[in-house]
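Inspection log for the structure reproduced underneath, given as structure tokens.
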Amino acid sequence: MCLWLLEQYAKENDTIGIIASDDKGWKQYAERSDRLYCVESIDELARLFAATNEHAKAIKEKIAAAIADAGSPLGSALIEKINRHVANSQWDTSDIYTSSSYRVESEFYDADVAAYSIEGDVNVWSVKGEPTTWVVELKVSITVDVHISVEFFAWDWIDKEELSLGSQSFTTQNGVDVDVYLTCSDVYLETPLRDWITEIEIADGNYSIERFEVEIDYGDSE
């Protein structure tokens with residue numbers, strides 16, 4: 001009855017129950033069960049957990065090292081994903097101003113990563129029921145080159161209307177922090193990183209460009 005209750009609990013919680021006993025009946029029951037695993041002593045149980053923890057630690061260290069190395073497959077994939085993220089994000093340019101003309105209209109058209117760094121610890125944990133799949137959580141601080149098109153306007157006091165003086169492109173740097181999640185599958189200590197299957201997720205971003213002044217260059221206006 002004890003084993004049956006443990007087995008039902010394991011099924012309800014989608015987990016594996018590990019029992020320590022040298023009872024032959026318990027061992028035979030566990031061998032027939034897909035939810036119970038039997039070891040003969042507390043010492044054997046301790047050795048099992050120690051081995052599992054060492055494996056998990058080694059996996060975490062391998063993943064963290066790969067992320068920190070921009071030249072690794074995982075590091076390269078991270079940089080590519082960050083670049084796509086900043087380019088596809090929404091950038092508010094309403095704080096751009098000028099003192100050299102009547103008015104300006106600004107529009108974001110591209111962005112790329114100038115530099116980035118991983119802040120704090122890299123959090124890594126295994127997926128329940130999938131021992132070769134690991135999830136990575138990290139916070140990335142990014143310095144972004146934001147490219148903006150600005151159109152300058154003058155006011156015609158005679159005709160009482162605005163006149164376009166032309167458009168120019170400007171680049172400004174902004175700092176943003178993003179939360180990045182990686183799901184790494186087919187992860188084994190003995191396999192190279194290129195054999196892992198990695199998915200990287202970053203939520204859509206909405207950022208505001210820091211306030212700065214633009215001046216028209218009449219020799220460079222479109």
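FYI, the numbering just counts along the sequence from 1.
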Is a donor on one side and an acceptor on the other found under 3.5 Å between the side chain of [X] and the backbone of [Y]?
| X | Y | answer |
| --- | --- | --- |
| E107 | V150 | no |
| S76 | A70 | yes |
| D23 | G25 | yes |
| T143 | G175 | no |

Same cluster for [X] and [Y] if Ile/Leu/Val/Met/Phe/Trp/Tyr side chains link at under 4.5 Å?
| X | Y | result |
| --- | --- | --- |
| I67 | Y188 | no |
| L5 | L3 | yes |
| V176 | F212 | yes |
| I79 | V144 | yes |

> Do R103 and F152 meet the cation-pi criteria used here (NZ or CZ under 6.0 Å from the six-membered ring centre, within 45° of the axis)?
Replying inline: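 No, cation not above the ring by the 6.0 Å, 45° rule.
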Side chains of [X] and [Y]: closer than 4.5 Å at any heavy-atom pair?
| X | Y | result |
| --- | --- | --- |
| L78 | V180 | yes |
| T133 | V187 | no |
| T172 | I209 | yes |

If every non-hydrogen atom of [X] is compared with every non-hydrogen atom of [Y], which pair is closest and at what distance?
| X | Y | value |
| --- | --- | --- |
| T93 | I148 | CG2-CG2, 4.4 Å |
| Q168 | D217 | OE1-N, 2.6 Å |
| Y116 | V140 | CD1-CG1, 3.8 Å |
| V104 | I96 | CG2-O, 4.0 Å |
| D195 | D186 | O-CB, 4.3 Å |
| A111 | A87 | O-CB, 3.6 Å |

Assess the side chains of [X] and [Y]: does a donor N or O sit below 3.5 Å from an acceptor N or O?
| X | Y | answer |
| --- | --- | --- |
| E213 | S100 | no |
| S141 | D177 | yes |
| Y29 | E7 | yes |

> What pairs with E119 under salt bridge (Lys or Arg N to Asp or Glu O under 4.0 Å), at least two apart in sequence or on another chain?
Replying inline: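 Expected list: none.
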Spatial distance of atom [atom1] ([X]) from atom [atom2] ([Y]) [nearest 0.5 Å]:
| X | Y | atom1 | atom2 | result |
| --- | --- | --- | --- | --- |
| R211 | Y97 | CZ | OH | 5.0 Å |
| Q173 | D145 | CD | CG | 4.5 Å |
| T198 | L74 | OG1 | CG | 5.0 Å |
| F153 | L165 | CZ | CG | 8.5 Å |
| S72 | I63 | OG | CD1 | 11.5 Å |
| E199 | C184 | CD | SG | 9.5 Å |

>> What verdict does the side-chain hydrogen bond (donor to acceptor under 3.5 Å, both in side chains) test give for Y181 and E137, after you've listed the backbone C-alpha separation in whole Å, the side-chain angles of each residue and the deciding distance to 0.1 Å?
In response: CA-CA 5 Å; Y181 295 89; E137 178 188 19; 3.2 Å; yes
>> Working note: W91 + S208, criterion side-chain hydrogen bond (donor to acceptor under 3.5 Å, both in side chains); need CA distance, chi angles, decisive distance, verdict.
In response: CA-CA 5 Å; W91 291 87; S208 296; over 6 Å; no
>> Would E215 and F170 count as a side-chain contact (heavy atoms from CB on, under 4.5 Å) here? Give the steps.
In response: CA-CA 10 Å; E215 301 293 342; F170 294 86; over 6 Å; no
> Can you list every side-chain hydrogen bond (donor to acceptor under 3.5 Å, both in side chains) pair that touches residues 77-86, not counting sequence neighbours?
Replying inline: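 Passing the test, one end in residues 77-86: E80-R84, H85-Y207.
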> Do other residues, nucleotides or ligands put more than 12 heavy atoms under 6.0 Å from the CG atom of D204?
Replying inline: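 Atom CG in D204 is not packed in, count stays at 12 or less.
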> Is atom NZ of K27 surrounded by more than 12 heavy atoms (other residues, nucleotides or ligands) closer than 6.0 Å?
Replying inline: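 No, because the 6.0 Å sphere around NZ of K27 holds 12 heavy atoms or fewer from other groups.
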>> What verdict does the side-chain hydrogen bond (donor to acceptor under 3.5 Å, both in side chains) test give for S164 and E151, after you've listed the backbone C-alpha separation in whole Å, the side-chain angles of each residue and the deciding distance to 0.1 Å?
In response: CA-CA 7 Å; S164 175; E151 186 173 6; 2.7 Å; yes
> Given the rule in the side-chain contact (heavy atoms from CB on, under 4.5 Å) test, do T98 and I216 qualify, once you have shown the distances and angles that lead to the verdict?
Replying inline: CA-CA 8 Å; T98 185; I216 187 169; over 6 Å; no
>> Applying side-chain contact (heavy atoms from CB on, under 4.5 Å) to L138 and L182, what does each step give before you reach the verdict?
In response: CA-CA 9 Å; L138 59 151; L182 300 86; 3.2 Å; yes
>> Going by ring-ring contact (aromatic ring centres under 6.0 Å, His included), name the residues that satisfy it together with Y102, two or more places apart in sequence or in a different chain.
In response: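 Residues passing ring-ring contact (aromatic ring centres under 6.0 Å, His included) with Y102: W155.
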